[in-house]
Amino acid sequence: MPYARPFKLFEDECANLIKSSVSEAMRGAVEDALNRGLETPPYRSMGELAYPCFEVAKVAGLNPRKLAEEISFVISSSGERRFVEKAEAAGEGYVNLYVNHRELAKELFSSIIAFSSEYGLVKTERPLKVIVEHTSGNPVHPLTIGTGRNAIIGDSLVSLLKARGHMVKAHFYVNDVGLQVMIAAYGYSKVKHRIMGGKPDHMIGLVYPMTNAIVEIKGLKERLKAASNDEERANLTKEIDEWVSITYDLRSRDPELFDELLEKISKDEDPRRAISRLNREYEEGVRDAVELVRELCNRVIEGFKETLSRLGVRFDQWDWESEIAVWSGAADTIINKISTLAPWALETQEGALILDVDKVSSNLGVKDEWGLPGKQIPKLTLKRADGTTLYTTRDIAYALWKLERANKVINVIGVEQSLAQLQLKIILKLLQVEDIQNRYVHYAYELVRLPGAKMSSRRGRYIALDDLLNEAVARVHREVEKRGPSLTEEEKREIAEVVGTGAVRFALVNVTPSKTMTFDWDQVINFERNSFPFINYTYVRALGILRKSGFAPTLNVDVAKLIHDYERELVIQMARYPELFVQAAEELRPEILTLFLNRLSELFNSYYEKVNVIRERDEETRKARLMLVYSIKTVLESCTKAINLKMVKKM
RNA sequence: GGGCCCGUAGCUCAGCACGGAUUGAGCGCCGGCCUCCGGAGCCGGAGGUCCCGGGUUCAAAUCCCGGCGGGCCCGCCA
């Protein structure tokens, strides 16, 4: 079997040559420097790798430039070279190393043929059981642009880690406990006969804010009646006015639905009490309550699944908060365990149980160990005065549940939860979970802004992921209409769907998660460079060439025929791809691969413009070029597969 | 008040964890290329005190300290 990482052969050879080119006395220092890896020079004309001599020169009391010249000379006169074409001293003290791209091409081609579209997907030596929990949108409204980023990042991680050879399961945490869901369920119970056509998650996305607003106003009005002074009355009136304006807004979006909800809720003596009763009954597992809430959640989830399947996002498991954390009694068990382990950090305030997390972290010594920046970690309430649990407590139960089932747990959750996640991790440490620092990861991501769009959860104003996808598909469809008149209507639809949703995926994964990203249509669906359509177009071009030429991949090619600068560059980039894949998977950075896809596509398009492939007269040159094109096609397949992007074969 | 994240070209970003040689890409703008294997393409140009000020270092966009600007978080919400 050929070696899976062609470029590594070159890198290893460089390291060996450098090591053996210095005197015994310097070898130790050189090895230390090499262990940190060689550098990539800033300009392509400076070779593929570089070794800076400054550090070693300083230790040995030598001039770095001189040392670089010496090393370069020894390497250049060495007969032990296969991949190193030449070594040159440069700058103030660099050894620049140039690869022999023909030898590299041989390795690349045999690797491509051996692994096909698995090329570059280097398997780990230590496969782990990994749970990636992502998306986990509350079942009271459709998935939004924000949960969309979560889903796409999460699914890319799942795909990346699977490709790396880990045993990965994608989990969705259904937050079916808590007041929000109960409000939605209460409203749903009044108007469920109306929710027939259309996507159920969108309907409930309207029922929930409507119900919430109606109940809020009713509650505020009662408080106004009982208000004892003018100031309080004025404040309440102001608040009521605000909510009334919200209900106008909401009603305009479906007057019949709103009116029926209002009429039915008004009949209830005390909606708030009905909602808390529902909450209590659900936590206790009373049958009617369970049936109602589950029916609601399942319908919303049905909508989620429909949306997610368009993006190719699949879950292995749906974990219900009620089952894992509440009905099982796990949350209470945890509270008891904390009471035994750290009674000194617990206090009771008006009946509520509070944990001094800061005290816990000092006591466990994690502040130093984890390099915690904050001096003071806020306290956390574990249990309400009425004995019911809180979200974070239930989340501890879920974290433990996941940690029992996997070596590593990755949670894709918004940055705004950073503090809660830190508190949770400290508690997990307190609960004596082994190696928690490495096993439990909060993979934080930032918000998505969409210029011109206003968001307000009280008004039920959000940017639905469905709308975003529809818009993307529509835009691609218009373009396909313009450019592909020979395609059938069905083909056009298929292309628009795959390329449109792919464009959204690409755009959302292309930006470093810790940055707030701006979603700009002209950027996402621009059909030019740095977009998914551009990459897919490149792939289709490569397929076209291969199809027309009738080329069958073969190792019987003369790599010496690859003399063009673009050919050399393409070979190097593709040979480096496995290194990038490993880095992306190890560092959980899928965006490294979207950047690579773009770079490779740009290179190929430039090449294609300058060099003939099919029309090349010289048979050997033609064959070598076709093998190169075949490699590009294969690498595009592998790399898109690694982050679960689907491409069309015709457009 | 405290903590976290972000600040690089008009716009969107990459490079920063692990310091290294003249910072880069796309869009937009200006100017070229359809006798072409698919123009959803290609080539060229203009455009930057890498937020500011100190420090460490042979070397700072990158590390440290102090500011400034923006976002988020510090609930008996989830």
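- Contacts of A:Glu350 with the nucleic acid, taken as non-hydrogen atoms under 4.0 Å apart, include base atoms.
- Taking atom P in both B:rG24 and B:rG48, the straight-line distance is 13 Å, to the nearest Å.
- Within a 6.0 Å radius of CD in A:Glu587, more than 12 heavy atoms belonging to other residues, nucleotides or ligands are found.
- Look at A:Arg483 and A:Glu479 and you find a salt bridge, because one of the NZ, NE, NH1 or NH2 atoms lies within 4.0 Å of a carboxylate O, short of that distance.
- A:Lys515 has a side-chain polar atom (N or O) that falls below the 4.0 Å cut-off from OP1 or OP2 of B:rG7.
- Distance check on atom P: B:rG31 versus B:rG39 gives 24 Å, rounded to whole Å.
- In terms of phosphate contacts, A:Arg529 brings a side-chain nitrogen or oxygen within less than 4.0 Å of OP1 or OP2 of B:rC43.
- Using a 4.0 Å heavy-atom cutoff across all strands shown, A:Met651 reaches at least one base atom of the nucleic acid.
- Within the 4.0 angstrom heavy-atom criterion, base atoms lie near A:Asn612.
- The gap from the C1' atom of B:rA61 to that of B:rU49 amounts to 12 Å, rounded to the nearest Å.
- Protein atom OH of A:Tyr445 is 17 Å distant from nucleotide atom P of B:rC6, rounded to whole Å.
- Both geometric conditions, a ring-centre gap below 5.5 Å and a plane tilt below 30°, are fulfilled for A:Tyr43 over the base of B:rU22.
- If you take atom P in B:rU57 and the same atom in B:rG69, they sit 32 Å apart, rounded to whole Å.
- Base pairing of B:rA17: no nucleotide in any strand meets the Watson-Crick or G-U wobble criterion (both distances under 3.5 Å).
- B:rC73 atom C1' lies 13 Å from atom CD of A:Gln421, rounded to whole Å.
- Side-chain N/O atoms of A:Ser606 include one lying less than 4.0 angstrom from OP1 or OP2 on B:rC43.
- When the P atom is compared between B:rC13 and B:rU56, the two are found 35 Å apart, to the nearest whole Å.
- Among the atoms of the strands shown, base atoms are found under 4.0 Å from some heavy atom of A:Val611.
- Counting non-hydrogen atoms under 4.0 angstrom, A:Ser418 reaches nothing in the nucleic acid.
- In this structure, A:Val415 and A:Asn605 both approach RNA chain B, and ranking their closest nucleotides by distance from the 5' end singles out A:Asn605.
- Few gaps surround CD on A:Glu569; more than 12 heavy atoms of other groups in view lie less than 6.0 Å from it.
- A:Glu92 comes within 4.0 angstrom of no nucleic acid atom, judged by non-hydrogen atoms across all strands.
- As judged by a 4.0 angstrom heavy-atom cut-off over every strand, A:Ala57 is placed among residues making no nucleic acid contact.
- Listed candidates were B:rC37, B:rA78, B:rC13. Nearest to the side chain of A:Gln417 is B:rA78.
- Heavy atoms of A:Arg449 sit nowhere under 4.0 angstrom from any nucleic acid atom.
- Between A:Phe54 and A:Thr538, it is A:Phe54 whose nearest contact on RNA chain B lies nearer the 5' terminus.
- Pair assignment for B:rC63: B:rG55, on the basis of Watson-Crick or G-U wobble contacts that are both within less than 3.5 Å.
- Nearest to the side-chain atoms of A:Gln583 among the listed nucleotides B:rA21, B:rA78, B:rA17 stands B:rA17.
- Remark: A:Arg272 engages A:Glu216 in a salt bridge, criterion side-chain N to carboxylate O under 4.0 Å.
- Checked for salt-bridge contact, A:Glu446 and A:Arg149 miss the test: no charged N lies under 4.0 Å from a carboxylate O.
- Applying the 90° criterion around 0 to the glycosidic angle, B:rC34 comes out syn.
- B:rC33 and B:rG41 make up a base pair, with Watson-Crick or G-U wobble contacts both under 3.5 Å.
- Comparing atom distances between the A:Tyr537 side chain and each of B:rA78, B:rG39, B:rC13 picks out B:rG39 as nearest.
- The residue A:Pro378 sits close only to the backbone: its heavy atoms come under 4.0 Å of sugar-phosphate atoms, none of a base.
- Between the C1' atom of B:rG26 and the CZ atom of A:Phe506 lies a distance of 10 Å, rounded to the nearest Å.
- Look at the C1' atom in both B:rC30 and B:rC73: the space between them is 46 Å, to the nearest Å.
- Within the 4.0 angstrom heavy-atom criterion, base atoms lie near A:Asn96.
- One can place OH of A:Tyr398 at 15 Å from C1' of B:rA78, the figure rounded to the nearest angstrom.
- Across all strands shown, A:Pro41 has heavy atoms under 4.0 Å from base atoms, whether or not it also approaches the sugar-phosphate.
- Spacing between B:rC18 and B:rC36 at atom C1', rounded to whole Å, works out to 47 Å.
- In this structure, of B:rA40, B:rA25, B:rU12, it is B:rA25 that holds the atom nearest to the side chain of A:Glu602.
- Side-chain contact, A:Thr388 with A:Asp386: a donor N or O sits under 3.5 Å from an acceptor N or O.
- Pair check for B:rC50 finds none; no Watson-Crick or G-U wobble contact set falls under 3.5 Å.
- For the pair A:Asp358 and A:Lys379, the salt-bridge criterion is not met [side-chain N within less than 4.0 Å of a carboxylate O].
- The phosphate of B:rC43 has OP1 or OP2 within less than 4.0 Å of a side-chain N or O from A:Tyr566.
- Annotation: B:rG54 and B:rC11 have their P atoms spaced 26 Å apart (nearest Å).
- Between A:Met46 atom CE and B:rU22 atom C1' there is a gap of 8 Å when expressed in whole angstrom units.
- For the OP1/OP2 pair of B:rC36 and a distance below 4.0 Å, the side-chain nitrogens and oxygens of A:Arg541 include no atom meeting the criterion.
- Classified by its glycosidic torsion, B:rA21 falls in the anti category, the angle being over 90° from 0.
- Base pairing of B:rG1: its partner is B:rC74, meeting the Watson-Crick or G-U wobble criterion (both donor-acceptor distances under 3.5 Å).
- Put simply, CZ on A:Arg384 is 4 Å from P on B:rC77, counting in whole angstrom units.
- Here B:rC5 presents its P atom at 13 Å from NE2 of A:His442, a figure rounded to the nearest Å.
- In this structure, CZ of A:Phe519 is placed 16 Å from C1' of B:rG26, rounded to the nearest angstrom.
- Both distances falling under 3.5 Å, in either a Watson-Crick or a G-U wobble arrangement, place B:rG26 opposite B:rC11.
- Only one option out of A:Trp320, A:Tyr398, A:Trp401, A:Trp318 pairs with A:Tyr173 in a ring pair (Phe, Tyr, Trp, His ring centres under 6.0 Å); it is A:Tyr398.
- With B:rC76, B:rC37, B:rU23 as the choices, the nucleotide that has an atom nearest any side-chain atom of A:Ala385 turns out to be B:rC76.
- Note on A:Lys610: only backbone sugar-phosphate atoms sit closer than 4.0 angstrom, heavy atoms only; bases stay farther off.
- Of the N and O atoms on the side chains of A:Asn605 and A:Tyr537, not one donor lies less than 3.5 Å from an acceptor on the other residue.
- Counting non-hydrogen atoms under 4.0 angstrom, A:Val177 reaches the backbone sugars and phosphates but no base.
- At the heavy-atom level, A:Glu39 lies under 4.0 Å from base atoms of the strands shown.
- Distances shown here put a side-chain N or O of A:Thr512 below 4.0 Å from the OP1 or OP2 atom of B:rA14.
- Checked against the 6.0 Å centroid criterion, the rings of A:Phe172 and A:His134 do not qualify as a close aromatic pair.
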